[in-house]
Amino acid sequence: MAAPKKGRSASAQSKPGRSLALILIAIVALTGGMFLSGHTTPRLGIDLAGGTSITLEAKADQGSAINKANMDTAVDIMNRRVNGLGVSEAEVQTQGDKNIIVNIPKGTNSKEARDQVGTTAKLYFRPVLAQDATGPAAPSASPSPSASGSSSASPSPSASKSGASGEKATSSSPSASATTQGRAVTDALKADASPSASASASSSPSPSASSSSDAGNTADAKLQAQYAALDCSKKAARTKAGEGAKPEDPTVGCGEMGGVWYKYLLGPAAVAGTEVDTAKAVYNTQTAAGWQVTMDFNKSGAKKFADVTAKLSQNTQPLNEFGIVLDGEVVSSPTVNETISGGQAQISGSFTQEEAQSLANMLSYGALPLSFQEQSVTTVTAALGTDQLHAGLLAGAIGLGLVVLYLVFYYRGLSVVAMASLLVSGILTYVIMALLGPAIGFALNLPAVCGAIVAIGITADSFIVYFERIRDEIREGRSLRPAVERAWPRARRTILVSDFVSFLAAAVLFIVTVGKVQGFAFTLGLTTVLDVVVVFFFTKPLMTLLARRKFFASGSKWSGLDPQSLGAKPPLRRTRRPAAPVETKEA
């Protein structure tokens, strides 16, 4: 009985169309997603698009450790600051263990960005003296939600928070005239100077009191005009609101709630953010309050907070609110119903989990948890970035052209397979880079372009390994179809080892380096993975199909697989052994 033949499964070579259809579907799906997302080009890095790049190094000189939590918190705060400058698509990200890179696109005042992004700004609790909605529309008034005590010793204020989906009672109509606002501001300042004043003075101000204040206090008059003219619906006005205000002076600020911006008149800082020991977002399962933020003050902060809440609880809205102010923005404005003592407080309202966690982070780390020293500032003009991009693309085109010329000269017909594979790899790389921009913030910088150029050689190397294995099989005397299948297992092993080494080098480079070198490493790793995908799902199946065509199977001189040109041996033939003579048995 003949032994069964060992070897490959027939399905691996009989249905190459499935693999080609699969990669075609993937290309169509990714391209469709790219157009649907509206990002049809890769996001360019700051060295190509132009702008300012600021490198900051963390210094643990405030009693805080340089760790991932503190660095992530600093990134969040800095991101708020650069966006407050009216900058779109600004990038703030960590680099290594103690560096933060701030990339600000072109059109930004780089000096202003440098002054604001790394400063250790303070967070303050300021009494609210007046507030008004600004912008084209204002929400209807509604009472603040009620709150439960955080503990038996420390009742909690109810919260009316900025940025919440719930509505908020306002002190006056958004359409109030400047004169009315001026009188309200004057009486609010008088009430703040005399805490025992009744809250009705704010709601029914006296013209004579306003005139007296304007005549006797230039600072109050200036603040009146500033508050009356403040339009928090405009980004430029929000950026400058409260600029340069000292903690002991009253000021103005802006805060958002339900998509509407409110302007605030704020009294002197009662408690500093540095006097908050801890703040946590917790979910109250005992009541319907939902997500809440609990605060623990240190000894001095607990006394100050008890004093200010004792005064505020005697007033009517909005004079019973205190604003939590970070970098001039009112991030929350809870109302106070009772004196809060014991060093603990609780802010409740219609918080989502993300909103509660965000407010807790601001309370805990309103000031940057670390100080930062400016290491370098790089300014790239748009013209220089365009020149760099053109130079990079030109270098890539020259490299690709040289590779194609070599393939055509040396492999002839086989170069069609190589060029088609390079085209597929290029399409996949471009589409994925365009999608990674909005997905993970990937930006194509100049080192990343260099990584893509290097990847051309890595991809071409995989094709060359496979082609040479096929040629070796033909030199052994085999025809093309079996040569294609026998060469694949050997070439596959070599390609995988080679690509694994390249990917490992890219991964190590990405982890241990800082700065723009990571762009090179990321692109190199991405293209290496795509090389494996293209070789397995496109190059090999396409080669299997072409091996069935007469032009390649017959060993045409221009196919690159001519047995005579390759010095092939005669076909392997098996010779039969001569049959042994059969001896006849004698009777």
Side-chain angles (χ1 to χ4, degrees), residues 16-28 30-31 42 392-434 449-474 480-481 483-485 487-488 491-492 494-495 498-499 502 523-524 526-562 565-566:
R18 289 186 177 181
S19 298
L20 293 176
L22 182 62
I23 198 168
L24 179 61
I25 291 172
I27 292 175
V28 172
L30 291 173
T31 305
L393 293 178
L394 179 61
I398 293 174
L400 181 61
L402 292 176
V403 170
V404 170
L405 286 177
Y406 172 80
L407 292 173
V408 171
F409 174 77
Y410 192 76
Y411 288 107
R412 301 186 182 184
L414 283 177
S415 63
V416 175
V417 181
M419 288 186 288
S421 300
L422 284 171
L423 179 61
V424 171
S425 179
I427 293 174
L428 285 173
T429 302
Y430 180 89
V431 173
I432 291 176
M433 283 184 176
V449 174
C450 296
I453 295 173
V454 172
I456 296 174
I458 295 176
T459 305
D461 183 61
S462 299
F463 308 149
I464 292 173
V465 169
Y466 186 30
F467 293 161
E468 289 301 323
R469 288 294 187 184
I470 294 174
R471 287 182 159 198
D472 288 342
E473 295 296 332
I474 293 176
L480 181 59
R481 290 183 66 175
V484 167
E485 300 305 324
W488 173 241
R492 176 181 60 197
T494 304
I495 291 170
S498 175
D499 283 345
S502 296
T523 307
L524 183 62
L526 173 65
T527 51
T528 301
V529 173
L530 291 178
D531 175 48
V532 176
V533 173
V534 171
V535 169
F536 274 69
F537 291 93
F538 184 81
T539 306
K540 168 56 174 59
L542 181 61
M543 197 64 220
T544 300
L545 289 177
L546 293 180
R548 301 173 184 177
R549 300 296 180 264
K550 184 178 180 181
F551 176 75
F552 288 94
S554 63
S556 172
K557 183 179 180 180
W558 295 101
S559 67
L561 297 170
D562 179 19
S565 300
L566 296 175

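Basis for what follows: all heavy atoms, side chains included, without hydrogens, waters or symmetry-related copies.
For the residue pair S498 and D461, the shortest heavy atom distance occurs at OG-OD2, 4.0 Å. When every heavy atom of L546 is checked against every heavy atom of F552, the shortest pair comes out as O-CB, 3.5 Å. The two atoms that bring A483 and I470 nearest to each other are CB-O, 4.1 Å, heavy atoms only. Nearest heavy atom pair, residue M433 against residue L526, reads CG-CD2, 4.3 Å. Between D531 and S462, the shortest heavy-atom contact is OD2-OG, 2.7 Å. Nearest heavy-atom pair across L20 and P541 is CG-CB, 3.9 Å.
Environment of CZ in F537: sparse, with no more than 12 heavy atoms of neighbouring residues, nucleotides or ligands closer than 6.0 Å.
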Please report the C-alpha distance between V535 and D499 in whole Å, then the side-chain angles of each, then the deciding distance to 0.1 Å, and finally whether the side chain to side chain contact (heavy atoms under 4.5 Å, CB included) criterion is met. CA-CA 11 Å; V535 169; D499 283 345; 5.9 Å; no
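Using a 4.5 Å heavy-atom cutoff, the side chains of I27 and V431 are not in contact. The shortest distance between side-chain heavy atoms of M543 and F463 does not fall below 4.5 Å. Within the 4.5 Å cutoff, no side-chain heavy atoms of F538 are placed close to those of L22.
Rounding to the nearest 0.5 Å gives a distance of 12.0 Å between OG1 of T494 and CD of E468. To the nearest 0.5 Å, the span separating CD1 on I453 from CG on L394 amounts to 9.0 Å. Residue I464 holds its CD1 atom at 11.5 Å from CG of L414, rounded to the nearest 0.5 Å. Between the CD1 atom of I458 and the CD1 atom of I495 there is a distance of 13.0 Å, given to the nearest 0.5 Å. In this structure, the separation between CG on L480 and OG1 on T544 is 9.5 Å, given to the nearest 0.5 Å.
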Name every donor-acceptor pair, under 3.5 Å, that has one atom in a side chain of residues 420-429 and the other anywhere in the protein, sequence neighbours excluded.
from: S421; atom 1: OG; to: V417; atom 2: O; distance (Å): 2.8
from: S421; atom 1: OG; to: T539; atom 2: OG1; distance (Å): 2.8
from: T429; atom 1: OG1; to: S425; atom 2: O; distance (Å): 2.8

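Each of R492, R548, K540 was evaluated against E485; a single residue qualifies, K540, per the salt bridge (charged side-chain N to carboxylate O under 4.0 Å, His left out) test.
Within the 3.5 Å criterion, the main-chain N or O of Y411 finds no donor-acceptor partner in the side chain of Y406. Although no hydrogens or angles enter the test, the distance criterion places a donor-acceptor pair under 3.5 Å between the side chain of T527 and the main chain of T523.
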